Protein chains: 2
Amino acid sequence: MDHRCEHDAAASVGLKGSALAQALDQAGSRCDSDGQRLTAPRRRVLELLLGAEGPVKAYDLIAAFGVDGEAAKPPTVYRALEFLERQGFAHRIESLNAYVACRLGADTHAAAFLICDCCGATREIEPAGADVLVASAGRDGFVVTNLTVEAHGLCAACRAS
Amino acid sequence: MDHRCEHDAAASVGLKGSALAQALDQAGSRCDSDGQRLTAPRRRVLELLLGAEGPVKAYDLIAAFGVDGEAAKPPTVYRALEFLERQGFAHRIESLNAYVACRLGADTHAAAFLICDCCGATREIEPAGADVLVASAGRDGFVVTNLTVEAHGLCAACRAS
DNA sequence: GCTGGAAGTGTTATGAAATAACATTACATC
DNA sequence: GATGTAATGTTATTTCATAACACTTCCAGC
Ligand SMILES: [Zn+2]
Ligand SMILES: [Zn+2]
Ligand SMILES: [Zn+2]
Ligand SMILES: [Zn+2]
């Protein structure tokens, strides 16, 4: 789980400037049409996630929350994260105790991640094979409402070295 | 995640008596042939997991550790859990912060769980579709060493009510 | 059998992650 | 502008997990 090598974490680059503003506006629009409110703290946490280069710990969000360097109170951030997750704007990565902005857009969806245990790079992927599992569960009468897949391993860069 | 209904958690029944003893002996044998040691604390934690009816929290293991009702120290149990997971005798369920004995036997393997958010029943299943995902990751140069799938939803019993 | 190193354990203390509980404020609807 | 709901602010606490270091057990090689 920790970085055990000297590689650049080739994680998805965080959004900046107008790209960031645009992504936030998009989120705002989707909230509007869904009857949801992208309030200030929610927007701020999403901004931090979108701007980050990889998964972010809750307490790092808490520390970075205030524009003036002032920390937030934990519930402020945890509530925002809960909302963002519910709306499909963010995912929690259970095996890291960390959070990422969704990079696949669209609605709430099964989340799948490839997590390099060497450099820490984390990539959200289409959950290939998820339909098979959901169908298999359905045959037993189990209805899946939420599915998470977390694959740990080594990325191409770290394997090469 | 909490029990929100009055159903019996139709979880896998915990092992007792000779079945439990046999399972522990089997684990011991497998450790022997693998050059591993199923020491007393490891064996005790595995015993607690095998005897439980579902996922168990680490601090519940800590509290139940002493046969005389005396609690263990956290590192004792966490180390044992780490070992049991490494050997494939137990799994950590990330989305519950809880641990279960592996019910599929055999070696270390991808773990998949169906978790009923209503009654709490948790079932380990064969990770259908996992091969597809691993193959897909492999095409990108990512080698999966460890895969976890956690599906939340409603079990047949809870859906029926 | 002694011995040296590795693996495992005991113990104390601390750190990290998340939530409970309750007061207060914003917001839409009537 | 009254009313109810959703969201936020704030304090405190709970839950989960690990760091650090001393001590013991085990086994291989002498
Ligand atoms: Zn996503
Ligand atoms: Zn890597
Ligand atoms: Zn298993
Ligand atoms: Zn159920």
Side-chain angles (χ1 to χ4, degrees), chain A residues 1-4 27-28 31-49 55-68 70-87 89-100 150, chain B residues 1-4 27-28 31-49 55-68 70-87 89-100 150:
Chain A
M1 321 300 194
D2 284 350
H3 297 208
R4 291 180 202 129
C31 283
D32 284 350
S33 43
D34 292 356
Q36 299 295 323
R37 296 164 53 202
L38 189 62
T39 58
R42 292 168 176 176
R43 189 181 175 91
R44 174 59 176 155
V45 170
L46 180 54
E47 182 182 13
L48 289 170
L49 289 178
V56 191
K57 300 277 199 171
Y59 271 72
D60 289 341
L61 294 170
I62 287 168
F65 185 85
V67 185
D68 50 359
E70 218 173 351
K73 306 291 168 59
T76 303
V77 166
Y78 279 106
R79 285 166 180 160
L81 287 170
E82 189 184 14
F83 170 84
L84 294 172
E85 240 188 309
R86 204 164 53 228
Q87 303 304 319
F89 293 123
H91 300 290
R92 170 178 163 79
I93 301 185
E94 300 284 356
S95 58
L96 299 178
N97 285 0
Y99 302 83
V100 288
E150 301 183 13
Chain B
M1 323 305 195
D2 284 352
H3 298 209
R4 295 182 198 126
C31 283
D32 285 349
S33 43
D34 292 355
Q36 300 295 324
R37 295 165 53 201
L38 189 62
T39 59
R42 292 168 176 178
R43 189 182 176 90
R44 175 57 177 155
V45 170
L46 180 55
E47 183 182 14
L48 289 170
L49 289 177
V56 191
K57 300 278 200 171
Y59 271 74
D60 289 340
L61 294 170
I62 288 168
F65 186 85
V67 185
D68 50 359
E70 218 174 350
K73 306 290 168 62
T76 302
V77 166
Y78 278 106
R79 284 166 180 160
L81 287 170
E82 189 185 13
F83 170 84
L84 294 173
E85 239 188 309
R86 204 164 53 228
Q87 302 305 319
F89 293 124
H91 300 291
R92 170 177 164 82
I93 302 186
E94 299 284 355
S95 58
L96 298 178
N97 284 1
Y99 302 82
V100 288
E150 301 184 12

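If you're wondering where the values come from, they're calculated on a predicted model, not measured in any experiment. Protein chains get the first letters and strands the later ones, always in sequence-line order, with residue 1 at the start of each.
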Any residue meeting side-chain contact (heavy atoms from CB on, under 4.5 Å) with [X], in chain and number order, not counting sequence neighbours:
X: B:Glu82; answer: B:Arg86
X: A:Arg92; answer: A:Glu85, A:Glu94, A:Asn97, A:Tyr99
X: B:Arg37; answer: B:Thr39, B:Arg42

Residues in contact with DNA chain D, drawn from residues 37-48 of chain A - heavy-atom cutoff 4.0 Å: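 Contacting residues: A:Arg37, A:Thr39, A:Pro41, A:Arg42.
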Nearest atoms (heavy-atom pairs only) where [X] meets [Y]:
X: B:Cys31; Y: B:Phe89; answer: SG-CE1, 3.6 Å
X: A:Leu48; Y: A:Phe65; answer: CD1-CA, 4.0 Å
X: A:Ala98; Y: A:Lys57; answer: CB-N, 4.3 Å
X: A:Ala90; Y: A:Leu49; answer: CB-CD1, 3.8 Å
X: B:Pro74; Y: B:Ile62; answer: CA-CD1, 3.5 Å
X: A:Val100; Y: A:Pro55; answer: CG1-CA, 3.4 Å

Distance check needed: [N] [atom2] versus [X] [atom1], whole Å only.
X: A:Tyr78; N: D:dC16; atom1: OH; atom2: P; answer: 13 Å
X: B:Ile62; N: C:dT11; atom1: CD1; atom2: P; answer: 14 Å
X: A:Leu84; N: D:dT8; atom1: CG; atom2: C1'; answer: 15 Å
X: B:Glu82; N: C:dT9; atom1: CD; atom2: P; answer: 11 Å
X: A:Asp32; N: C:dA28; atom1: CG; atom2: P; answer: 11 Å
X: A:Leu81; N: C:dA18; atom1: CG; atom2: C1'; answer: 11 Å
X: A:Leu61; N: C:dA17; atom1: CG; atom2: P; answer: 11 Å
X: B:Glu70; N: C:dG10; atom1: CD; atom2: C1'; answer: 13 Å

Test log, rule side-chain contact (heavy atoms from CB on, under 4.5 Å), inputs B:Phe83 and B:Leu38: CA-CA 9 Å; B:Phe83 170 84; B:Leu38 189 62; 4.2 Å; yes
For nucleotides 10-15 of chain D, print each protein N/O atom paired with a nucleotide N/O atom at under 3.5 Å, atom names and distance only.
unit_1, atom_1, unit_2, atom_2, d
D:dT11, OP2, A:Lys73, NZ, 3.4

End axis versus end axis in the helix from C:dG1-D:dC30 to C:dC30-D:dG1, the angle rounded to 10°, five pairs used at each terminus: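 About 30° separates the two local helix axes.
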